[in-house]
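Bear in mind the structure is a predicted one, so any value in this text is a computation, not a measurement. Labels below follow one simple rule: chain letters A, B, ... track the order of the sequence lines, proteins then strands, and each chain is numbered from 1.
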Amino acid sequence: MNKLAPELIAELKEKKEPEKGLPPLELNGPLVMRFAPNPNGPPTLGSARGIVVNSEYTKKYKGKLIIRFDDTDPATKRPMLEAYTWYLEDCEWLGAKPEEVVIASDRIDKYYEVAEQLIKKGGAYVCFCGQEVFKSLKDAKKACPHRDEKPQKNIESWKKMIEGNYKEQEAVLRIKTDIAHKDPAIRDWVAFRIIKTPHPRQEVNDKYCVWPLLDFEGAVEDHLLGTTLIIRGKDLIDSEKRQRYVYKYMGWTYPETMHWGRVQIHEFGKLSTSGIKKAIAEGQYTGWDDPRLPTIRAIKRRGILPEALRKFMLDLGLGETDISLSLDTLYAENRKIIDPIANRYFFVWDPVELEVEDAEPKIAKAPLHPTRGGLREIPAGTKVLITKNDADSLKEGERLRLKDLYNIEVISILPLRVKFIGTDMDLVKKEKARIIHWVPLDALKVKVLSADGEFNGFGERGMEKELDKVVQFERFGFVRIDSVSGDEVVAYFTHK
RNA sequence: GGUCCCAUCGUCUAGAGGCCUAGGACAUGGCCCUCUCAAGGCUAAAGCACGGGUUCGAAUCCCGUUGGGACCGCCA
């Protein structure tokens, strides 16, 4: 059979690799998508899903990708100025190239125009009810007294509102839906509220005191930008129902929508942007790129490659099921890319000095990579450093090998004494002696930062040339060389 | 309480009535390879939430139960 139809066998094997990733799209026109974050903190792993999924589709179907900053809340989820840049940087890092960048806070006037039209059409009204009052009316399916006000009167109130004649909480603009709608989430929702806190962007500052809420801003923008497909988290499913009222009043066509379920990551649990912000201010984290954080900046600094993160996100597909995943899969993806290229070095954490009796100074020749070739030379004196873990586990009389150097035998444990017993590999091959790593006395001082804390020790020379690269510390794990100053190296732990 | 959504190995996911004896990836166990406790190769164990229908035939369609989630904010 192999002889008769080798191509059939090849085909069978190919079929074994099923297609994973995003479902195909059925398009009947051009594709325009947007990724719309609130820049109130740096992009996180959650943002990465949005960036990757949207950019993947626009790449695949030659569509247009827009990044839109939904920064219309200067108070509660106050935007962070640096975050605008961070989003653009991280998009680029992830291989997403938005053709257009839109900042909502620059376009408030456009939203006001639509609001005015809606009021004139009788689709929106200024409501002076307090929050609690309106809630109880709404829950009872009852209209508030302002609901039936004439458009003319509403326009007057609206003008007064945007001119700053009311206090915060005093008035809002509501979209008229169906006050008896069976879903309470849909009933006459708020489109604009008064916020007197200035916007952090200098260009905007205190120019406006009436700000749209996401449902309104997003609804108008998606129309203005010509969005044809929206993909977002399913927490925004109800949002669509609310926004459709605006589209109906205005005679617009609502984009197609798709949603993904809630994502939780085992390793991070429930960290909110505001919670992290507070913890950073209190010094619990070193910054937004602290290796313990789920931000893209942190992931990047740890040496996860964008290709790995992209594949990880795409493999999740687009289910509406809530998922709870482990970063192990991301690490495995990353390892597949990194293992073939990362050079190997010795790193001894919790170092213990070991004098090897009868040894001659020697230059060890170790492969830079197990298969790719290339050698590194490590000059060893008669004293070396090994990790405390290894030192503690030695037994009297044990024979073992210092990797790529020579064999030793333990003479005694207290005090720890070892002696040179040759260089023959048979010790490993026949006696199955174990192999431990080591580092010469004049090694570089190395600190490794990981999510589980710091590791301090010494690493062999050569790694200082790998700045910003991911290398493997043998018997330790992959690590990204983050900084080198003099004889000191700081590395970020990537994964095992 | 109201509205809506979801349900396949431990974890993600493929599957859109017969190709399913349910496939893959990660994690786990074993063996091989290896001067790293890595990677690689082979292999093992592991799943259609439950109960009813519809059908010649259901993981796939319908109903119910159970379980999970989202929304009901002048947050996004």
Atom-to-atom span, [atom1] of [X] to [atom2] of [N] - whole angstrom:
{"X": "Phe476(A)", "N": "rA39(B)", "atom1": "CZ", "atom2": "C1'", "result": "18 Å"}
{"X": "Trp349(A)", "N": "rC37(B)", "atom1": "CH2", "atom2": "P", "result": "12 Å"}
{"X": "Lys362(A)", "N": "rC35(B)", "atom1": "NZ", "atom2": "C1'", "result": "11 Å"}
{"X": "Leu316(A)", "N": "rA14(B)", "atom1": "CG", "atom2": "C1'", "result": "14 Å"}
{"X": "Asn334(A)", "N": "rA27(B)", "atom1": "CG", "atom2": "P", "result": "13 Å"}
{"X": "Asp315(A)", "N": "rA14(B)", "atom1": "CG", "atom2": "C1'", "result": "11 Å"}
{"X": "Arg401(A)", "N": "rC37(B)", "atom1": "CZ", "atom2": "P", "result": "14 Å"}
{"X": "Met425(A)", "N": "rU34(B)", "atom1": "CE", "atom2": "P", "result": "10 Å"}

By the 4.0 Å heavy-atom rule, please label [X] as base, sugar-phosphate, or nothing.
{"X": "Asp328(A)", "answer": "sugar-phosphate"}
{"X": "Ser239(A)", "answer": "nothing"}
{"X": "Pro367(A)", "answer": "nothing"}
{"X": "Arg344(A)", "answer": "base"}

Should [N] form a Watson-Crick or G-U wobble pair with both distances under 3.5 Å, which nucleotide is its partner?
{"N": "rC42(B)", "value": "rG30(B)"}
{"N": "rC4(B)", "value": "rG69(B)"}
{"N": "rC56(B)", "value": "rG18(B)"}
{"N": "rA25(B)", "value": "rU11(B)"}

> Is there side-chain contact between Leu354(A) and Leu385(A), with heavy atoms separated by less than 4.5 Å?
Replying inline: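 The answer is no, as the side chains (C-beta and beyond) never meet within the 4.5 Å cut-off.
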> Just wondering, do His199(A) and Asp71(A) contact through their side chains at under 4.5 Å, heavy atoms?
Replying inline: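 In short, these two side chains touch, coming nearer than 4.5 Å.
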Can you tell me how far [atom1] in [N] sits from the matching atom in [M], rounded to whole Å?
{"N": "rG15(B)", "M": "rC20(B)", "atom1": "C1'", "result": "9 Å"}
{"N": "rU21(B)", "M": "rC9(B)", "atom1": "C1'", "result": "16 Å"}
{"N": "rG23(B)", "M": "rA46(B)", "atom1": "C1'", "result": "14 Å"}
{"N": "rU11(B)", "M": "rA16(B)", "atom1": "P", "result": "23 Å"}
{"N": "rC62(B)", "M": "rU55(B)", "atom1": "P", "result": "16 Å"}
{"N": "rC72(B)", "M": "rG18(B)", "atom1": "P", "result": "41 Å"}
{"N": "rG41(B)", "M": "rC33(B)", "atom1": "C1'", "result": "8 Å"}
{"N": "rG10(B)", "M": "rA45(B)", "atom1": "C1'", "result": "12 Å"}

>> Does rC37(B) have its OP1 or OP2 closer than 4.0 Å to a side-chain nitrogen or oxygen of Lys496(A)?
In response: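 No, because none of the side-chain N or O atoms of Lys496(A) sits under 4.0 Å from OP1 or OP2 of rC37(B).
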> Where each residue is assigned the nucleotide of RNA chain B containing its nearest heavy atom, which of Gly317(A) and Phe478(A) is assigned the position nearer the 5′ end?
Replying inline: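 With Gly317(A) and Phe478(A) compared, the 5'-side residue is Gly317(A).
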> Considering heavy-atom distances to RNA chain B, does Lys365(A) or Ser326(A) have its closest nucleotide positioned more toward the 5' end?
Replying inline: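 Comparing both residues, the 5'-ward one is Ser326(A).
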> Can you give one letter per nucleotide of nucleotides 67-76 of chain B, 5' to 3': B if a protein heavy atom sits under 4.0 Å from the base, S if only from the sugar-phosphate, - if neither?
Replying inline: --SSBBSBBB
> Taking only residues two or more places apart in sequence, or in another chain, which ones meet Leu236(A) in a side-chain contact (heavy atoms from CB on, under 4.5 Å)?
Replying inline: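 side-chain contact (heavy atoms from CB on, under 4.5 Å) check on Leu236(A) returns Leu214(A), Arg232(A), Ser239(A).
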> With sequence neighbours left out, what residues match Asp452(A) under side-chain contact (heavy atoms from CB on, under 4.5 Å)?
Replying inline: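 Checked Asp452(A) against side-chain contact (heavy atoms from CB on, under 4.5 Å); matches are Ser450(A).
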>> The side chain of Lys182(A) is closest to which nucleotide in this list: rC37(B), rU36(B), rU3(B)?
In response: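 The nucleotide sitting nearest to the side chain is rU3(B).
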>> From C-beta outward on Lys403(A), which listed nucleotide comes closest to its side chain: rC35(B), rA38(B), rC12(B)?
In response: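 Between rC35(B), rA38(B), rC12(B), the one nearest the side chain of Lys403(A) would be rC35(B).
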Would you say [X]'s side chain and [Y]'s backbone share a donor-acceptor pair under 3.5 angstrom?
{"X": "Lys234(A)", "Y": "Asp322(A)", "result": "no"}
{"X": "Arg174(A)", "Y": "Asp188(A)", "result": "yes"}
{"X": "Asp404(A)", "Y": "Ala364(A)", "result": "no"}
{"X": "His495(A)", "Y": "Gly477(A)", "result": "no"}

> Is the NZ or CZ atom of Arg201(A) positioned over Phe69(A)'s six-membered ring, under 6.0 angstrom from the centre and within 45° of the axis?
Replying inline: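 No, cation not above the ring by the 6.0 Å, 45° rule.
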